[in-house]
Amino acid sequence: MKEQWWQRSVVYQIYPKSFQDSTGSGTGDIPGITRRLPYLAKLGIDVIWLSPVYESPMDDNGYDISDYRAIWPGFGTMEDFDEMLATAHSLGIKIVMDLVVNHSSDEHEWFKQSRSSRDNPYRDYYYWRDAVDEHEPSNMGGVFGGSIWEWDETTQQYYLHCFSKKQPDLNWENPRVADEVFDMMDWWLAKGVDGFRMDVIGMIAKDTSFPSGEPGPTGYAPLFPLIVDEGVHPHLQDMRRRVLSKYDTMTVGEVSGATVETAKKYANLDGSELSMVFQFEHVSLTGDPDRGKWVTDKPRLVDLKQVFDHWETGLDGVAWNSLFWDNHDQPRAVSRWANDSDEWRELSAKMLATCLHLMQGTPYIYQGEELGMTNYPFEDMSLVNDLEAHDAYRMLTQDCGCSHEEAMACMREICRDNARTPMQWDASPKAGFTTGEPWLPINPNCAIINAAAQVDDPGSVFAHYQGLIALRKQSDLVVHGHFRLLEPWSEELFVYERELDGQRMLVVCNFTDHEVAWQVPEEYAGAVLVEAACNYADAPQAGLVRPYEAFALMAE
Ligand code: ISL
């Protein structure tokens with residue numbers, strides 16, 4: 001099968017509100033991104049995934065779009081966008097836009113029309129239902145808490161919103177919705193963007209009988225039975241035929257409930273739907289039926305390895321996966337998966353990078369991850385912005401009986417704002433992010449963790465990422481090699497092999513802060529050390545793996 005460019009690429013995700021402010025507003029913007037493109041070129045990444053920059057009332061930081069063909073003025077203008085795209089292309093960097101079409105904003109013209117009367121031509125762009133016995137049509141709860149139904153006084157019906165009530169779900173059963181979306185995608189692709197990351201695309205098909213379920217402690221039933229996975233694929237195949245087939249794109253489907261089996265449809269290498277899936281099984285290993293993801297437990301390494309093994313071997317040669325620890329919805333990788341103490345932060349951040357970047361799939365770096373940025377020490381909710389976190393705090397303290405301290409411990413471990421604090425460019429009090437008041441607090445550790453201190457330091461986390469990115473570009477084994485998990489039962493080591501045409505690579509990562517006795521298998525005697533993968537300055541030691549050590553060996 002012919003290699004696609006996105007199989008050899010490394011993606012860098014930009015969350016525009018938090019990347020670089022160029023005006024002093026306290027919020028990042030597009031000219032700020034353009035200014036920092038040389039930094040990304042130096043890192044060596046190939047593609048930017050740009051979180052939404054469209055016109056939006058910003059209820060969910062841009063994941064609520066009120067005009068798909070305009071830029072939110074806080075981020076700049078369409079001219080700023082065009083300049084960013086042209087500059088990125090001149091540096092050899094592609095830009096993939098976020099496409100949020102499971103829902104729009106309630107301030108989108110379509111929804112304004114839709115809610116104006118029952119016989120408006122836009123009525124069926126959304127899901128409207130009558131009350132049942134003066135109650136909501138079903139009892140499912142939304143992703144951000146509360147009901148999925150919102151009552152509309154004017155037309156005396158409920159509308160569906162799986163996320164906030166300002167994010168009404170688009171009705172993909174109406175063919176006009178697909179027509180509008182495909183036209184809009186065509187418009188951006190003709191402009192020169194290189195593809196789309198498709199927000200919750202796995203949710204666009206619903207069981208429109210709108211079933212009810214067994215309610216949990218919040219009084220609402222889980223949402224997932226509403227989603228009809230089989231219903232999504234015809235839409236994506238249609239999208240491929242009508243739009244994507246005209247361009248050479250990278251398309252990424254965010255499908256939180258994807259399984260290895262469904263991913264073979266979403267991301268088949270036959271190119272019938274999308275380039276790759278972005279799924280969450282490895283970041284969903286903790287949680288609680290009542291509290292959802294809001295727990296402080298750490299995932300078990302054995303479980304993590306099992307999930308990676310399943311995906312790596314399950315998709316090999318058939319479909320393509322995304323590799324990530326972090327994104328704008330997840331806590332910071334080094335805090336969540338490794339060790340953000342002063343003693344171990346750098347070493348363990350590099351270990352995580354090696355572990356992920358040498359697997360099969362397209363690696364994603366979330367802004368600041370390449371510096372080893374950490375979670376934020378939130379003490380109370382006053383500095384937390386995210387709407388999901390505020391709902392969760394209410395649920396934890398009111399429905400689940402948690403104390404304030406317990407709820408805040410969950411926030412510090414899990415909440416999305418950990419990832420959204422501003423990018424740490426330098427050691428100044430505002431981290432070089434803004435000259436104004438930042439929209440979210442800047443982590444005080446910017447005095448130590450910042451780009452200026454790392455970009456020219458060959459021993460930095462940044463340099464480690466640089467090395468891994470460069471390695472992928474010149475190694476067929478890293479891109480295409482078959483994966484084999486070793487030591488599946490070790491609670492301490494993540495060890496795997498890649499193999500391609502007789503060439504083999506062994507990757508060894510210690511996920512603990514202590515030495516682990518372990519012998520490199522004999523067939524690697526005389527193998528060559530892969531420098532870019534190693535995080536200690538000196539060679540690995542015989543018979544043991546040092547704390548948070550990562551190394552790789554290549555054998556013919
Ligand atoms: O963060 C989550 C809730 O704990 C995820 O379940 C998340 O909501 C889900 O992955 C979908 O995320 C995407 O769509 C949301 C938006 O808020 C997220 O930022 C986006 O990544 C609604 O558009």
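All figures in this text were calculated on a predicted structure; none of them were measured in a lab. Both counts, for ligands and for their atoms, begin at 1 and track the order of listing.
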Does ligand 1 have any N/O pairs with the protein under 3.5 Å, and how far apart?
unit_1, atom_1, unit_2, atom_2, d
ligand 1, 4 (O), Lys293, NZ, 2.7
ligand 1, 4 (O), Glu388, OE2, 2.6
ligand 1, 10 (O), Glu254, OE2, 2.9
ligand 1, 12 (O), Glu254, OE2, 3.3
ligand 1, 12 (O), Asp329, OD2, 3.4
ligand 1, 14 (O), Asp199, OD1, 3.0
ligand 1, 14 (O), Asp199, OD2, 3.1
ligand 1, 17 (O), Asp60, OD1, 3.3
ligand 1, 17 (O), Asp60, OD2, 2.5
ligand 1, 17 (O), Arg416, NH1, 3.1
ligand 1, 19 (O), His328, NE2, 2.9
ligand 1, 19 (O), Asp329, OD1, 2.8
ligand 1, 19 (O), Asp329, OD2, 3.4
ligand 1, 21 (O), Arg197, NH2, 3.2
ligand 1, 21 (O), His328, NE2, 2.9
ligand 1, 21 (O), Asp329, OD2, 2.5
ligand 1, 23 (O), His103, NE2, 2.9
ligand 1, 23 (O), Asp199, OD2, 2.8

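Under the 6.0 Å distance and 45° angle rule, Arg123 counts as a cation-pi partner of Trp128. Judged by the 6.0 Å distance and 45° axis criteria, Lys94 is not positioned over the aromatic ring of Trp49.
Tyr220 is linked by a ring pair (Phe, Tyr, Trp, His ring centres under 6.0 Å) to nothing, counting only residues two or more places apart in sequence or in another chain. Under the side-chain hydrogen bond (donor to acceptor under 3.5 Å, both in side chains) criterion, Glu214 pairs with no residue at all, not counting sequence neighbours. Phe378 pairs by the ring pair (Phe, Tyr, Trp, His ring centres under 6.0 Å) definition with Tyr376, not counting sequence neighbours.
Look at Asp169 and Lys206 and you find a salt bridge, because one of the NZ, NE, NH1 or NH2 atoms lies within 4.0 Å of a carboxylate O, short of that distance.
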